[in-house]
Peer 1: 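Below you'll find the structure I mean.
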Amino acid sequence: MMRSVAVGMDKANILPPRAAGHRRFPDPAIGAVSVRKALAGGNVSPDDANMQLDPDICYRALASRDARFDGRFFIGVRTTGIYCRPICPARTARRENVDFYLTAAAAQEAGLRPCLRCRPEAAPDSGAWRGVSNSGHSHTVARALAWIEQGILDESGMAALCDKLGVGDRQLRRLFAEHVGASPLAVAQTRRVLLAKQLIHETRMPLTDIAFAAGFGSVRRFNEVFQALYRRPPGALRRDTGAAPAPAGEITLLLRYRPPYHWPAMLLHLAAHAIPGVETVQEDCYARTIELSGASGTLAVRPGSGHALRVTIRFPRLAALPAILARVRAMFDLAADPATIEQHLSHDPQLARLIAARPGLRLPGCWNASEQLAPAMPGPPAGLAAPPGARLAQTDPDLFRTGHALAETQTRLAIAPLSSPPAAGSRQSADAGGFGAGRRRA
């Protein structure tokens, strides 16, 4: 492998100089967008002009297998019809034969299929859409991508997504075309395919279970999509066929992140804020009970091989897997880019010393909004022995409206509105009164 020629490249310079009338994204970690194949006639639309990366820097990152760019963009090879990660071990294609895409969905929308060697589904999650509305990116798209990651299009369709966002179907499609390079449905389809591919590689689940766990509506559709994309049936992609299957009802996956990751600090925080009867930290593992849509289960998270967390899930509903994984990624801040964060924070001398002493710190999240509120709520009334955490575990999970990506519902968290007023004297009413959240201040 050739020596790195990308050493010293400023990741903020991956974008070309700002064009008149177009926003320049300040860093690829928060919105670098793909170089797409030129439109028919060689013209580039105003929207496409806002989506271009610097192709020379992207190609240098590809040629040097620079791991800093893994997950930031994908490379489409015209001669093979395949798209890859920047760290793909395959022979580097010639410059005139490659295009660059922000997302895997944009690459698949262009008619490319995933590489079997570098496995795009194993790329670390990109934090490109974790910014705010004044960062040069569409906050609506950020929220939409988060909802899609939780599987809203699999369960409810485009109409429900548009209602959540408060925009029309046409406007949402236009925003996705401008900022992502693919439609919402294409993004959801790519998410299904890559999750199914990961399940095929990393688990011994039956293919039928994989189809429904990844969000496909039928096994027939699952087979058709894989045949079209990979030119082979799903079963042909499975390796190590002699491996022993996992216990029934258990799924174990690796969730990748960008190093470094200060796992001891994360565990220390989770242990200090653990809810009795719900969460526990033992040795190097965090475990908890979970609840979604009336079904209950458990999950355990521990360090995995490589730059990944190993997540073990036991849950009765296969279709809930995308939502569970999305919450785990948010809870453990797996989309963060520590190198970029530390670069900016290190401008302050005091912060620079603290960062150097403890690199890879992440911002811990929580499973849902009610748990985030629990530490700030009053304790139980006098004479009630159960601690707040145990009472929270017994409280109806719909008492508080769970926020999706807490940043989206910050203004609601202070009052935690009820989804519907509980009947007087009911268990919900009594519990709400005990928490001090049953009524608003006059």
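Computed from a predicted model, the values in this text were never measured in an experiment. Numbers for residues simply follow the sequence, beginning at 1.
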Peer 1: Counting only heavy atoms not in Gln282, do more than 12 sit closer than 6.0 Å to its CD atom?
Peer 2: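 Open.
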Peer 1: Write down the atom of Lys164, the atom of Ile152, and the distance for their closest heavy-atom approach.
Peer 2: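 Between these two residues, the closest heavy atoms are CG-CD1, 3.8 Å.
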Peer 1: In plain terms, say whether Arg302 and Asp284 are close enough for a salt bridge, that is, a side-chain N and a carboxylate O under 4.0 Å apart.
Peer 2: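 No salt bridge links Arg302 with Asp284.
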Peer 1: Can you confirm whether more than 12 heavy atoms, excluding those of His201, are under 6.0 Å from its NE2 atom?
Peer 2: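 Correct, the count exceeds 12.
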Peer 1: Mind listing the closest non-hydrogen atom pair of Leu194 and Pro114 along with its distance?
Peer 2: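 Taking every non-hydrogen atom into account, CD2-CG, 4.5 Å.
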Peer 1: Which atoms form the tightest heavy-atom contact between Lys197 and Leu116, and what is the distance?
Peer 2: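 Closest pair (atom of Lys197, atom of Leu116, distance): CE-CD2, 3.7 Å.
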Peer 1: What's the verdict on side-chain contact (heavy atoms from CB on, under 4.5 Å) for Phe212 and Val219, showing C-alpha distance, side-chain angles and the deciding distance?
Peer 2: CA-CA 8 Å; Phe212 293 111; Val219 176; 4.0 Å; yes
Peer 1: Roughly how far, to the nearest 0.5 Å, is the CH2 atom of Trp263 from the CG atom of Leu270?
Peer 2: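 These two atoms lie 7.0 Å from each other.
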Peer 1: May I ask you to say whether Arg258 pairs ionically with Glu342, meaning some side-chain N is under 4.0 Å from a carboxylate O?
Peer 2: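 Salt bridge flag = no for Glu342 with Arg258.
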Peer 1: Under the side-chain contact (heavy atoms from CB on, under 4.5 Å) criterion, do Trp367 and Glu279 qualify, and how do the steps go?
Peer 2: CA-CA 10 Å; Trp367 182 253; Glu279 301 171 287; over 6 Å; no
Peer 1: Between Gln198 and Arg256, is a side-chain contact (heavy atoms from CB on, under 4.5 Å) present by the stated rule, with each step listed?
Peer 2: CA-CA 12 Å; Gln198 184 178 8; Arg256 274 78 178 181; 3.5 Å; yes
Peer 1: Output the distance between atom CZ (Arg238) and atom CE (Met205), rounded to the nearest 0.5 Å.
Peer 2: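 Output value for this atom pair is 8.5 Å.
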Peer 1: Any chance the side chains of Ser305 and Arg310 put a donor and an acceptor closer than 3.5 Å?
Peer 2: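 The criterion, which ignores hydrogens and geometry beyond distance, is not satisfied for Arg310 and Ser305.
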Peer 1: Can Ile75 and Tyr59 be said to form a side-chain contact (heavy atoms from CB on, under 4.5 Å), step by step?
Peer 2: CA-CA 9 Å; Ile75 299 93; Tyr59 190 76; over 6 Å; no
Peer 1: Could you tell me the separation between the CZ atom of Phe226 and the CZ atom of Phe216, rounded to the nearest 0.5 Å?
Peer 2: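 Result: 5.5 Å between the selected atoms.
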Peer 1: Suppose the criterion is ring-ring contact (aromatic ring centres under 6.0 Å, His included): which pairs have a residue in residues 276-296, not counting sequence neighbours?
Peer 2: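 Residue pairs with at least one partner in residues 276-296: Tyr286-Phe332.
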Peer 1: Heavy atoms only: give me the nearest Leu153-Pro184 pair and the separation to one decimal.
Peer 2: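 Smallest heavy-atom distance, with atoms named: CD1-O, 3.5 Å.
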Peer 1: Decide if atom CZ of Arg317 counts as having more than 12 heavy atoms of other residues, nucleotides or ligands within a radius under 6.0 Å.
Peer 2: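 Result for CZ/Arg317: enclosed.
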Peer 1: Give me the atom names and distance for the closest heavy-atom approach of Ile210 to Thr203.
Peer 2: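 So the minimum-distance heavy-atom pair works out to CD1-OG1, 4.4 Å.
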